[in-house]
Amino acid sequence: MTPNCDILIHHTKRFMFVLGFILIAECESAKILGIMPTSSFSHQIVFQPLWKELSLRGHQVVVLTTHPINDKSLTNLTEVHLDSVRKFFKELRFYDKLAENAETFIDLGLYLKSVTIKLTYHLVKSKLVQNVLRTNRVFDLVIAEAHFPSILGLIGYYRCPWIGVSSMDPALQYHLAIGNPVHPVLNPDGNLDIADLENLNFFERFSSFIYRNAYIHEFKNELPRLTAISREYLGEDLPSLSEIQSNVSMLFTSAHPIFHNLRPVHANTIFIGSGIHLRKPEILSNNLKTFLDEAKGGAIYFSLGSNVNANILNPDFKKALLDTFANLPYHVLLKLDANLTDVPKNVLVQKWMPQQDILRHPNVKLFITQGGLQSLQEAITNDIPLIGIPFFGDQLSNVNKMVKRGYGVKLDKKGITKESLTNAIKEVMENPKYREKAREMGAIFRDEEVPSLQRAVYWTEYVIRHKGARHLRSPVVGMPAWKYYMLDVVGFLTLIVVLIVILCFVLVKVSFWLVLRCFTNKKSKKKTN
Ligand SMILES: *[C@@H]1O[C@H](CO)[C@@H](O)[C@H](O)[C@H]1NC(C)=O
Ligand SMILES: *[C@@H]1O[C@H](CO)[C@@H](O)[C@H](O)[C@H]1NC(C)=O
Ligand SMILES: *[C@@H]1O[C@H](CO)[C@@H](O)[C@H](O)[C@H]1NC(C)=O
């Protein structure tokens with residue numbers, strides 16, 4: 001099968017299921033609440049198809065979101081636009097700050113903690129949210145982002161089953177809450193910059209160990225305070241946030257073996273990471289289509305995603321980009337929200353671009369990205385190799401994993417010069433090994449048992465049908481560490497060994513003493529004789 005044919009069949013399969021799917025597994029119409037407060041396009045688009053699909057299947061879906069779909073035809077979907085939360089993140093300059101604080105993991109952890117507290121206040125006090133609580137007394141299921149613990153109060157308010165979802169790999173407290181092991185060497189946190197994720201050196205293992213334990217400790221310690229804040233606005237009878245957190249029925253993770261280390265998980269952790277947000281091809285606008293069609297020598301697509309603000313890039317960075325691109329025999333699409341001057345003829349700059357359709361164009365040979373997971377999925381599903389320039393969050397580990405997998409190279413955001421960028425582009429464009437790897441990974445990525453959306457819908461309705469998933473709950477949740485690590489058993493065995501050793505020692509000593517005594521007795525007897 002040629003790769004193009006493979007992709008075509010894949011896309012056809014992906015979009016055909018929606019038709020046939022309606023026929024399977026009935027589930028009575030339920031009331032579902034989605035709570036998605038992270039103001040980021042990539043966090044939101046992954047779940048838009050889920051809201052849509054659930055509403056089309058007859059469920060009444062209410063979603064608190066910073067990025068509504070605004071599709072009037074979806075009559076069972078009510079979107080509550082969290083405009084003020086979007087402003088909240090904007091005023092904090094959250095992503096800029098995240099990039100600045102990504103230098104050391106201590107700064108990063110402290111920063112995330114401070115945002116969590118502020119966001120909790122903001123959410124529970126919000127008039128919009130209060131209004132939703134007042135008008136919707138009952139939900140059968142809550143689906144909420146498993147990142148900031150700030151949302152836990154809203155989840156607990158409804159005393160119903162809930163599912164934690166993530167457009168990446170969920171934050172580690174949610175893996176712990178559902179009973180999945182969180183091993184600092186096998187699964188270091190995505191925020192850490194670890195070169196070889198499958199073989200950490202001593203310093204990295206040490207950092208990962210400290211990060212994991214400090215993070216767990218800090219966030220656990222914060223929960224009583226967040227509980228108090230939430231109770232103030234949501235009622236004093238609200239369960240504690242740690243109870244609500246560990247009451248989670250399921251976790252939907254976007255982790256995928258191509259982009260993440262493998263992680264042992266329980267059956268209540270569902271993998272939905274094969275690109276829920278990938279959509280049907282749409283026709284490119286005329287100017288983009290012509291620009292790409294004319295790129296006979298190949299085209300490069302450059303985008304740092306929706307969260308890296310062009311104003312945090314220093315002027316040298318922008319100059320290096322244009323200088324490099326001007327001297328390339330390729331066409332370059334540059335997605336950047338900046339007013340650039342002296343743009344070379346072979347470069348087209350736009351504030352926004354239809355990324356999925358651009359990456360589908362056969363002339364696009366390279367994608368220069370910040371390394372967000374959705375961007376990597378969009379590239380790999382089209383067999384396109386990459387250059388990654390990570391800024392913050394999981395971009396660091398995504399890009400490191402990509403380098404490890406061999407379908408791209410990494411550039412340090414601080415070391416971008418005309419020379420380094422030119423070399424990286426030459427390397428990926430001219431050395432066929434990157435394209436071959438991308439093709440290999442693309443074929444694996446597209447080879448899925450059932451599309452992720454179908455899996456997500458199935459397990460959502462499963463939780464509704466069974467009013468939670470208590471039977472899938474691991475007994476490890478709430479188990480004290482000494483039981484889990486069998487410290488009592490180890491202690492008991494150690495005690496037995498110690499007793500045996502002491503016993504042997506005593507026996508040896510006694511027999512020695514007896515022999516000696518016998519011997520001296522004989523001797524003294526002889527003497528007296
Ligand atoms: C809305 O839900 C009802 C059942 O509750 C269903 O019959 C109808 O097709 C749904 N409509 C849309 C547009 O999703
Ligand atoms: C835990 O979830 C169950 C449903 O799965 C719900 O009935 C119960 O009230 C929840 N408890 C808390 C503390 O949220
Ligand atoms: C670019 O220029 C336009 C018009 O001069 C201005 O409105 C806009 O804010 C500028 N954008 C940036 C990112 O500087």
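This chain uses plain numbering: 1 for the first residue, then up along the sequence.
The side chain to side chain donor-acceptor pair (under 3.5 Å) test applied to R263 returns D169, H175, not counting sequence neighbours. Residues forming a side chain to side chain donor-acceptor pair (under 3.5 Å) with K401 (at least two apart in sequence, or on another chain): E198, N261. Contacts of S303 classified as side-chain contact (heavy atoms from CB on, under 4.5 Å), with partners at least two apart in sequence or in another chain: Y301, K335, Q355, F367. In this view, K220 satisfies the side chain to side chain donor-acceptor pair (under 3.5 Å) rule with no residue, not counting sequence neighbours. Qualifying salt bridge (Lys or Arg N to Asp or Glu O under 4.0 Å) partners for K410, counting only residues two or more places apart in sequence or in other chains: D193. Applying the salt bridge (Lys or Arg N to Asp or Glu O under 4.0 Å) criterion to D357, with sequence neighbours excluded, gives R279, R360. Taking the salt bridge (Lys or Arg N to Asp or Glu O under 4.0 Å) definition, one finds that D316 meets it with nothing, sequence neighbours left out. Applying the side chain to side chain donor-acceptor pair (under 3.5 Å) criterion to R205, with sequence neighbours excluded, gives no partner residue. Every residue meeting the salt bridge (Lys or Arg N to Asp or Glu O under 4.0 Å) condition with E218, not counting sequence neighbours, appears here in chain and number order: K113.
Counting heavy atoms from C-beta outward, L108 and Y211 have side chains that approach closer than 4.5 Å. At least one side-chain heavy atom of I464 sits less than 4.5 Å from a side-chain heavy atom of I32. Counting heavy atoms from C-beta outward, L386 and L376 have side chains that approach closer than 4.5 Å. Residues I143 and W162 have side chains not in contact (no heavy-atom distance under 4.5 Å, counting atoms from C-beta outward). Looking at heavy atoms from C-beta onward, L98 lies out of side-chain contact with N307 at the 4.5 angstrom threshold. By the 4.5 Å heavy-atom criterion applied to side chains, L421 and L411 are counted as neighbours. Between V85 and L123 the shortest side-chain heavy-atom distance falls below 4.5 Å. Side-chain contact between K52 and L74: present, with at least one pair of heavy atoms (C-beta onward) separated by less than 4.5 Å.
Within a 6.0 Å sphere centred on CZ of F317, other residues, nucleotides and ligands contribute more than 12 heavy atoms. Around atom CE of M486, no more than 12 heavy atoms belonging to other residues, nucleotides or ligands sit under 6.0 Å away. More than 12 heavy atoms of other shown residues, nucleotides or ligands fall within 6.0 angstrom of atom NE2 in H471. Applying the 6.0 Å contact sphere to CZ of R225 captures no more than 12 heavy atoms from other residues, nucleotides or ligands. Surrounding OH of Y121 are at most 12 heavy atoms belonging to other residues, nucleotides or ligands under 6.0 Å away.
A donor-acceptor contact shorter than 3.5 Å is absent between the side chain of N136 and the backbone of V138. Under the 3.5 Å distance criterion, the side-chain polar atoms of S150 are matched with a main-chain donor or acceptor of T116. The main-chain N or O of I178 is never found under 3.5 Å from a side-chain atom of R473 such that the two would form a donor-acceptor pair. Remark: the backbone N or O of E145 is not paired with any side-chain donor or acceptor of S166 at under 3.5 angstrom. Although no hydrogens or angles enter the test, the distance criterion places a donor-acceptor pair under 3.5 Å between the side chain of N201 and the main chain of E204. Q395 places a side-chain N or O within donor-acceptor distance of the main-chain N or O of F392, the cut-off being under 3.5 Å. Judged purely by atom type and a 3.5 angstrom limit, N309 has no side-chain atom pairing as donor or acceptor with the backbone of I312. Put simply, the side chain of S246 gets close to the backbone of S242: a donor and an acceptor are under 3.5 Å apart. For the pair T227 (side chain) and L241 (backbone), a donor-acceptor distance under 3.5 Å is present. The main-chain N or O of G190 is found under 3.5 Å from a side-chain atom of S397 such that the two form a donor-acceptor pair.
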(Q) Please determine whether side chain to side chain contact (heavy atoms under 4.5 Å, CB included) holds for the pair L288 and L333, giving the CA-CA distance in whole Å, both sets of side-chain angles, and the decisive distance to 0.1 Å. (A) CA-CA 9 Å; L288 290 173; L333 284 177; 3.7 Å; yes
(Q) Please determine whether side chain to side chain donor-acceptor pair (under 3.5 Å) holds for the pair Q48 and H67, giving the CA-CA distance in whole Å, both sets of side-chain angles, and the decisive distance to 0.1 Å. (A) CA-CA 9 Å; Q48 288 177 350; H67 293 69; over 6 Å; no
Q: Please report the C-alpha distance between I216 and Q173 in whole Å, then the side-chain angles of each, then the deciding distance to 0.1 Å, and finally whether the side chain to side chain contact (heavy atoms under 4.5 Å, CB included) criterion is met.
A: CA-CA 7 Å; I216 293 171; Q173 69 264 31; over 6 Å; no
Q | Evaluation steps, side chain to side chain contact (heavy atoms under 4.5 Å, CB included), between L313 and L304 | A | CA-CA 11 Å; L313 306 176; L304 299 177; 3.9 Å; yes
Q: Kindly indicate, with the supporting measurements, whether the criterion side chain to side chain contact (heavy atoms under 4.5 Å, CB included) is fulfilled by L112 and F94.
A: CA-CA 9 Å; L112 287 176; F94 180 65; 4.2 Å; yes
Q: Tell me, with the steps shown, if Q44 and T65 meet side chain to side chain donor-acceptor pair (under 3.5 Å).
A: CA-CA 8 Å; Q44 304 284 338; T65 173; 2.7 Å; yes
Q: Tell me, with the steps shown, if S40 and T38 meet side chain to side chain donor-acceptor pair (under 3.5 Å).
A: CA-CA 6 Å; S40 157; T38 305; over 6 Å; no
Q | From CA spacing to verdict: ring-ring contact (aromatic ring centres under 6.0 Å, His included), H256, F271 | A | CA-CA 7 Å; H256 188 285; F271 289 89; 8.8 Å; no
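Residue H260 holds its NE2 atom at 6.0 Å from CG of D394, rounded to the nearest 0.5 Å.
Between D196 and K404 there is a salt bridge, since at least one side-chain N of the basic residue sits less than 4.0 Å from a carboxylate O of the acidic one. One finds no salt bridge joining E28 and R465 here, because no Lys/Arg side-chain nitrogen approaches an Asp/Glu carboxylate oxygen to under 4.0 Å.
Checked against the 6.0 Å centroid criterion, the rings of H43 and H147 qualify as a close aromatic pair. Aromatic pair F445/F259: ring centres closer than 6.0 Å.
Judged as a salt bridge (charged side-chain N to carboxylate O under 4.0 Å, His left out), the pairs with a partner in residues 226-237 (not counting sequence neighbours) are, in order, R159-D237. Pairs engaging residues 82-92 under the side chain to side chain donor-acceptor pair (under 3.5 Å) rule: S84-H122 [sequence neighbours left out]. Listed by first then second residue, pairs satisfying side chain to side chain donor-acceptor pair (under 3.5 Å) with a partner in residues 124-135 number zero, not counting sequence neighbours.
Ring orientation note: the planes of Y215 and F219 are close to parallel, at an angle under 30° on the 30°/60° scale. Using a 30° and 60° split on the angle between ring planes, F148 and F89 fall in the tilted class, from 30° to 60°.
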